[in-house]
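Down below is the structure, laid out as structure tokens.
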Amino acid sequence: MAEIVLEHVSKSFGSTRVIEDLSLTLRSGAFTVLLGPSGCGKTTLLRMIAGIGPATSGRVYMDGVDITDLPPGERNVAMVFQSYAIYPTMTVRGNIEFCLKNNKVPRAERQRRVAQVARTVGLEDYLDRKPSQLSGGQRQRIALARALVKEPAVFLMDEPLSNLDAKLRTAMRSELIQLHQALGATFVYVTHDQTESMAMADHIVLMNEGKILQQGDPESIYRDPDNIFTAQFIGTPPANILPLPGSNFRLGFRPEKVRFLASEEALAYTRPGTVVTREMLGAEVLYKVRLPEGDVMVRSACFQYRAGDTVRLGIAGEDLYFFDENGLRIRSGCGELIRRLEEGTL
């Protein structure tokens, strides 16, 4: 395990500044996910930690030791890439022990460590096969085993599941969670998939345009967004955002917090609407409903409505978010805004 600290790091590619003056602490032993859209700087940050894309300025520390200028091979980290980066002409065993041979690890120790990690990732029956004879999930396990066999303090993973089909991705997510629990090592995982991040992370760092917009555990980021970007990037479907009549503010709420109301019922935010679409999800239905202020998504266990039906929607005051004209969360004075909504003066 190791704590990683990035202190006022910046990264430029020519005249393009990708990350500017960013500071971040990655907790020892945690499964931290760097999350954000393509081009937001998350992979650049990962490469800074690995040493394969050094920071233009700032410092990187591991357990208090400055590793900013340390070559990648001398850092106690292992990286798993999106493309697996395995050698097709080598057997599974050869791929796993390659770095150990390069580091002059004695043969007996190599055999012990290869056998151990092969059991850990379920490859013990495939050690003498070539990667071409294995499935995509098994090839991903080779990449994981090659990282594990180094016994690093930090595992760096750059979208390692993105080349797998949906069913296999779900299975591999579960395996990575179990692997982290078994090893207790520091995992830093890059993805643009918010579902993946919510399922796997102890701690999420949400980035956009080279900046950290919010960080915290998955539940707090989902339930308590600091800004519109977070509210709409996290969640499937994302939070609904509507203009707040009579102000420059905007209103937000999660689709599962919306209730269908009887004619005599009312909540803090109550609006008439028309069902536009209906998607069956199994235990729930996802509706798109057209309100006077715009379209919203409703996730509900109520199955009775069809496209074209007139409905009344309501959201309780405690389930409403308010954002200012810059998209930042308003956290004080919300009681007055809720009161005015209930009175119909907003």
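Sequential numbering from 1 along the given sequence is applied to the chain's residues.
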Does the Lys NZ or Arg CZ of Arg254 fall within the cation-pi geometry relative to Tyr222 - under 6.0 Å from the ring centre and within 45° of the axis? yes
Examine Met79 and Val205 and state if one hydrophobic cluster contains both, with Ile, Leu, Val, Met, Phe, Trp and Tyr joined whenever side-chain heavy atoms are less than 4.5 Å apart. yes
Hydrophobic clustering (ILVMFWY, side-chain heavy atoms < 4.5 Å, transitive) - are Val9 and Leu213 grouped together? no
Exam field: side chain [X] to backbone [Y], donor-acceptor pair closer than 3.5 Å:
X: Asn103; Y: Val105; value: no
X: Ser10; Y: Thr56; value: no
X: Lys11; Y: Pro54; value: yes
X: Asp217; Y: Glu219; value: yes
X: Arg312; Y: Thr270; value: no
X: Asn208; Y: Cys40; value: no
X: Thr310; Y: Thr274; value: no
X: Arg278; Y: Phe303; value: yes
X: Thr170; Y: Ala166; value: yes
X: Lys130; Y: Val92; value: no

Residue pair Met280, Leu286: steps toward the side chain to side chain contact (heavy atoms under 4.5 Å, CB included) verdict: CA-CA 6 Å; Met280 180 66 183; Leu286 185 63; over 6 Å; no
What are the two closest heavy atoms between [X] and [Y], and how far apart are they?
X: Pro72; Y: Ile52; answer: CG-CG2, 3.9 Å
X: Cys99; Y: Val149; answer: SG-CG1, 3.8 Å
X: Lys42; Y: His192; answer: CE-N, 3.9 Å
X: Leu161; Y: Met172; answer: CD2-CB, 3.7 Å
X: Val60; Y: Thr68; answer: N-OG1, 2.8 Å
X: Ser300; Y: Tyr287; answer: CB-CE1, 4.4 Å

Note: [X]-[Y] ion pair, threshold 4.0 Å (strictly below):
X: Glu343; Y: Arg339; result: yes
X: Glu265; Y: Arg259; result: yes
X: Glu196; Y: Arg169; result: yes
X: Arg119; Y: Glu124; result: no
X: Arg59; Y: Asp69; result: yes
X: Arg329; Y: Asp224; result: yes
X: Arg141; Y: Glu175; result: yes

Test Arg139 against Ile86 for side chain to side chain contact (heavy atoms under 4.5 Å, CB included), laying out the working first. CA-CA 8 Å; Arg139 288 196 293 271; Ile86 55 181; 3.9 Å; yes
Any side-chain heavy atom of [X] sitting closer than 4.5 Å to one from [Y]?
X: Val275; Y: Val311; value: yes
X: Asp63; Y: Glu3; value: yes
X: Thr191; Y: Ser197; value: yes
X: Ile241; Y: Leu251; value: no
X: Asn240; Y: Met297; value: yes
X: Val121; Y: Ile142; value: no
X: Ile4; Y: Thr32; value: no
X: Leu134; Y: Tyr126; value: yes

Go through the steps for Asp226 and Arg331 under the test salt bridge (charged side-chain N to carboxylate O under 4.0 Å, His left out), then give the verdict. CA-CA 9 Å; Asp226 284 342; Arg331 294 188 179 277; 2.6 Å; yes
Gap between atom CE of Met200 and atom OG1 of Thr195 - 0.5 Å precision: 12.0 Å
Distance (rounded to the nearest 0.5 Å) between Gln215 CD and Met207 CE: 10.5 Å
Just wondering, are more than 12 heavy atoms of other shown residues or ligands nearer than 6.0 Å to CZ in Arg27? no
Taking everything shown except Gln111 itself, do over 12 heavy atoms lie less than 6.0 Å from its CD? yes
Is the ring pair Phe187/His180 parallel, tilted or perpendicular, if the boundaries are 30 and 60 degrees? perpendicular
Report the C-alpha distance between Asp128 and Thr91 in whole Å, list the side-chain angles of each, state the deciding distance to 0.1 Å, and finish with yes or no for side-chain hydrogen bond (donor to acceptor under 3.5 Å, both in side chains). CA-CA 5 Å; Asp128 296 319; Thr91 62; 5.4 Å; no
Assess the residue pair Leu148 and Leu183 against the criterion (side chain to side chain contact (heavy atoms under 4.5 Å, CB included)); give the C-alpha distance rounded to whole Å, side-chain angles, the decisive distance to 0.1 Å, and a yes or no. CA-CA 9 Å; Leu148 283 169; Leu183 296 174; 3.1 Å; yes
Evaluate side chain to side chain contact (heavy atoms under 4.5 Å, CB included) for Val5 paired with Met62, printing each intermediate quantity in order. CA-CA 6 Å; Val5 176; Met62 181 184 291; over 6 Å; no
CA sep, side-chain torsions, deciding dist, call: Phe253, Tyr321, ring-ring contact (aromatic ring centres under 6.0 Å, His included): CA-CA 6 Å; Phe253 49 90; Tyr321 308 132; 8.8 Å; no
Is the centre of the Phe323 ring less than 6.0 Å from the centre of the Phe249 ring? no
Does the ring centre of Tyr189 sit less than 6.0 Å away from the ring centre of Phe155? no
Report the C-alpha separation of Arg93 and Glu97 in whole Å, then their side-chain angles, then the decisive distance to 0.1 Å, and conclude whether the salt bridge (charged side-chain N to carboxylate O under 4.0 Å, His left out) test is met. CA-CA 6 Å; Arg93 186 190 309 278; Glu97 70 176 352; 5.8 Å; no
